[in-house]
Amino acid sequence: MIKIENVTKKFPGMEIPAVKDLNLEIKEGDICVLVGPSGCGKTTTMKMINRIHEPTSGSIYIDGQDALKMNPIKLRLDIGYVIQEIGLFPHMTIEENVATVPNEKKWPKEKTKKKVAEMLTLVGLDPELHGKRYPSELSGGQRQRVGVARAMATDPPIMLMDEPFGAVDPITRAKLQNEFLRIQERVGKTIVFVTHDIDEAIKMGDTIAVMRDGELVQHASPNDLLSAPADEFVSSLVGRNRSIKRLHLIRIREILSDLDRPKPAKVDTSVDDIRKQLDESDIRSVMVVDRDNKLKGIIGINDLKKKTGEQAADYIQELDQSVTSDATLNDALSVMLECGEGYVAVVNEDDQYQGTITLGDLLNVVKEDE
Amino acid sequence: MSQGINIYLYFSKVFTGDMFMAVGQDRPGLISRTVTYIGRRSDLIWDLLLEHLWLIIVSISIAVVVSVILGVIISYKSSLAATVLTICQIMMTIPSMAMLAFMVPFFGIGFTTGVVALILYSLLPIVRNTYTGIKEISPAVVESAVGMGMTEWRVLTKIKIPLARPVIMAGIRTATVMIVGIGAIAAYVGAGGLGELIFQGISRSHEPMIIVGAIGVSIIALAFDFVLSWGERRLAAVGKVREAKQ
Ligand SMILES: Nc1ncnc2c1ncn2[C@@H]1O[C@H](COP(=O)(O)OP(=O)(O)OP(=O)(O)O)[C@@H](O)[C@H]1O
Ligand SMILES: [Mg+2]
């Protein structure tokens with residue numbers, strides 16, 4: 001648990017404090033997102049927790065202990081730290097980067113090596129393939145993953161993350177967010193997460209702390225923030241499309257099982273059977289899977305006109321994008337818009353078909369809300 | 001200074017008329033006399049060459065330690081940086097004869113005086129490059145190191161110096177090549193080395209000695225330049241791969 005009490009931070013030579021009389025309590029295992037316009041003091045608040053900045057006044061407690069009285073090096077070794085610029089060490093390989101904190105803690109070589117491989121795997125990198133490379137040889141998204149792996153290497157109970165997914169394109173970001181939430185479900189760390197993107201805040205946060213000009217305006221769950229914004233500032237930050245914002249809060253798996261969808265066709269199903277199936281319902285296309293239930297593509301009713309006796313495999317159109325069931329409904333919407341289609345296929349991590357979400361499903365969710 | 005002018009006049013004479021077997025003169029040409037001289041005094045020449053090398057190696061080694069430490073210190077205390085760099089700059093602008101003469105009362109005649117003077121000359125390039133090399137490291141890299149719990153000493157030795165190393169190496173090369181030349185003048189205060197050949201050659205009007213001394217100095221300078229720039233390129237090549245896109 002992190003408890004920030006009456007904390008004020010005034011930088012030397014600055015007229016107004018960067019953080020003013022801040023009170024904030026973050027429960028163990030929660031992700032608390034600090035959100036607000038640029039310069040409102042999010043980063044400053046976060047950096048006071050690991051004492052990169054010292055508060056001018058006030059106190060910070062971590063699990064009941066006064067952080068300001070602890071040895072800063074010891075304090076920092078037990079707090080994972082990811083910054084927006086990532087700050088990977090360019091002269092060290094990915095493995096060496098991830099091994100930073102284990103080395104500082106003087107772990108035995110074998111233990112470190114095993115842990116590094118485990119962490120890289122956890123964030124979706126191949127230790128064999130990427131471990132010996134240098135940061136400059138990775139893509140932006142991969143570097144962000146390494147940043148997260150490096151911060152988590154010794155399993156610190158607390159993580160500070162300053163716009164950790166800021167420097168990548170929206171699709172990659174959504175993917176990184178979902179992966180991270182999946183990891184968090186398993187590890188249950190106490191996380192302070194800084195962003196200036198309200199959508200990211202709603203998606204990632206167990207609680208959201210909205211800041212303005214160094215002050216805390218509202219600290220509430222995403223749902224409460226959407227339904228009861230404390231003032232004008234919060235409601236304008238949240239924006240008018242609140243019911244659409246709720247799409248961030250619902251995961252695909254939460255609605256997938258309630259949907260009544262036709263069974264996917266197999267690659268060796270005959271075209272006649274597929275046409276019969278489509279004719280009997282009002283659906284105009286059907287997903288096709290292989291023997292292992294892996295998604296192969298889609299067949300539309302128009303593709304099958306006047307074709308007889310052949311296998312589905314001959315008419316499959318591949319899909320550009322799919323989503324996993326732990327993505328949010330908003331992610332699904334993004335992919336639909338991106339591809340210009342009214343549906344998106346849902347798969348699991350092994351690319352096995354789980355179901356389909358359509359634009360209509362999303363509309364139903366939004367409507368229920370109102 | 002007058003010596004410089006002498007050398008110039010001398011060489012202009014030598015290289016225009018007297019290069020090869022001069023027509024109508026009974027003396028052999030300069031080149032053949034130089035070759036004869038080398039053959040006759042190869043032991044002496046070799047000794048002086050090694051002495052010169054040793055003078056440079058001792059000076060630059062001490063200078064590297066002193067300058068890197070200075071450079072690191074001013075990277076932490078930026079209020080000192082301007083002062084220290086200016087002092088180093090002033091050192092470099094003092095004419096070498098004046099510097100050497102000034103050293104004699106303190107260190108006497110001999111090797112030590114030469115070494116001290118050469119160290120003072122090599123400060124600026126190395127201190128400056130250490131300082132800028134460290135300052136140019138991306139703040140994000142340093143901050144993430146500190147934020148993850150590295151001590152200041154570990155940040156310096158594991159992050160800052162390795163990242164600044166190519167730049168520091170470039171400074172060391174500049175300094176080394178520069179003091180190889182100044183080292184020849186240090187013979188004036190008895191520091192030994194190939195400068196002795198040059199000075200003696202001038203006072204005795206013995207051209208082959210001057211030529212051998214000058215060429216020896218150039219060879220040492222080129223050799224250091226070659227070796228150090230090779231090392232620098234290796235570091236930079238690795239560094240560049242790592243730094244690109246960061
Ligand atoms: N080291 C510093 N010295 C002086 N002033 C600072 C320092 N760091 C931050 N500030 C000031 O404190 C205020 C809050 O900065 P902070 O970095 O916390 O903002 P932020 O909310 O993280 O903004 P952003 O979304 O742009 O990252 C700003 O006015 C900034 O100029
Ligand atoms: Mg910030």
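Because the structure is a prediction, the values reported are computed rather than measured. A note on names: the letters A, B, ... follow the listed sequences, proteins ahead of strands, and every chain is numbered from 1.
Heavy-atom distances place the backbone of A:Ile86, and not its side chain, under 4.5 Å from chain B. With a threshold of 4.5 angstrom between heavy atoms, A:Ile73 approaches chain B through its backbone and through its side chain.
Closest approach of A:Gly87 and B:Ser144 over heavy atoms only: O-OG, 2.7 Å. Here the closest heavy-atom approach between residue B:Val141 and residue A:Leu88 is recorded as CG2-O, 3.6 Å.
For the options B:Arg154, B:Lys158, B:Arg165, heavy-atom pairs under 4.5 Å to chain A are most numerous at B:Arg154. Chain B forms the most heavy-atom pairs under 4.5 Å with one residue out of A:Asn50, A:Asp78, A:Ile83, and that residue is A:Ile83. Per-residue heavy-atom pair counts under 4.5 Å with chain A were compared for B:Ala145, B:Pro139, B:Ala140, B:Gly147, and the maximum is reached by B:Gly147.
By the neighbour-count criterion of 12 heavy atoms within 6.0 Å, atom CD of A:Glu5 is densely surrounded, having more than that number from other residues, nucleotides or ligands. Within 6.0 Å of NE2 on A:His53 lie more than 12 heavy atoms contributed by other residues, nucleotides or ligands. By the neighbour-count criterion of 12 heavy atoms within 6.0 Å, atom CD of B:Glu152 is densely surrounded, having more than that number from other residues, nucleotides or ligands. Residue B:Phe226 places its CZ atom among 12 or fewer non-hydrogen atoms of other residues, nucleotides or ligands, all under 6.0 Å distant. Counted within 6.0 Å of NZ on A:Lys189, heavy atoms from surrounding residues, nucleotides or ligands total more than 12; the atom is thus considered enclosed. For A:Glu54, the CD atom is densely surrounded, since the number of other residues' heavy atoms within 6.0 Å is greater than 12. Heavy-atom neighbours of B:Phe102 CZ from other residues, nucleotides or ligands within 6.0 Å: at or below the threshold of 12.
Within the 4.5 Å cutoff, side-chain heavy atoms of A:Met92 are placed close to those of B:Ile159. The shortest side-chain heavy-atom distance between A:Lys47 and B:Glu143 falls under the 4.5 Å cut-off.
Only one option out of A:Arg150, A:Arg76, A:Glu104 pairs with B:Met148 in a side chain to side chain contact (heavy atoms under 4.5 Å, CB included); it is A:Arg150.
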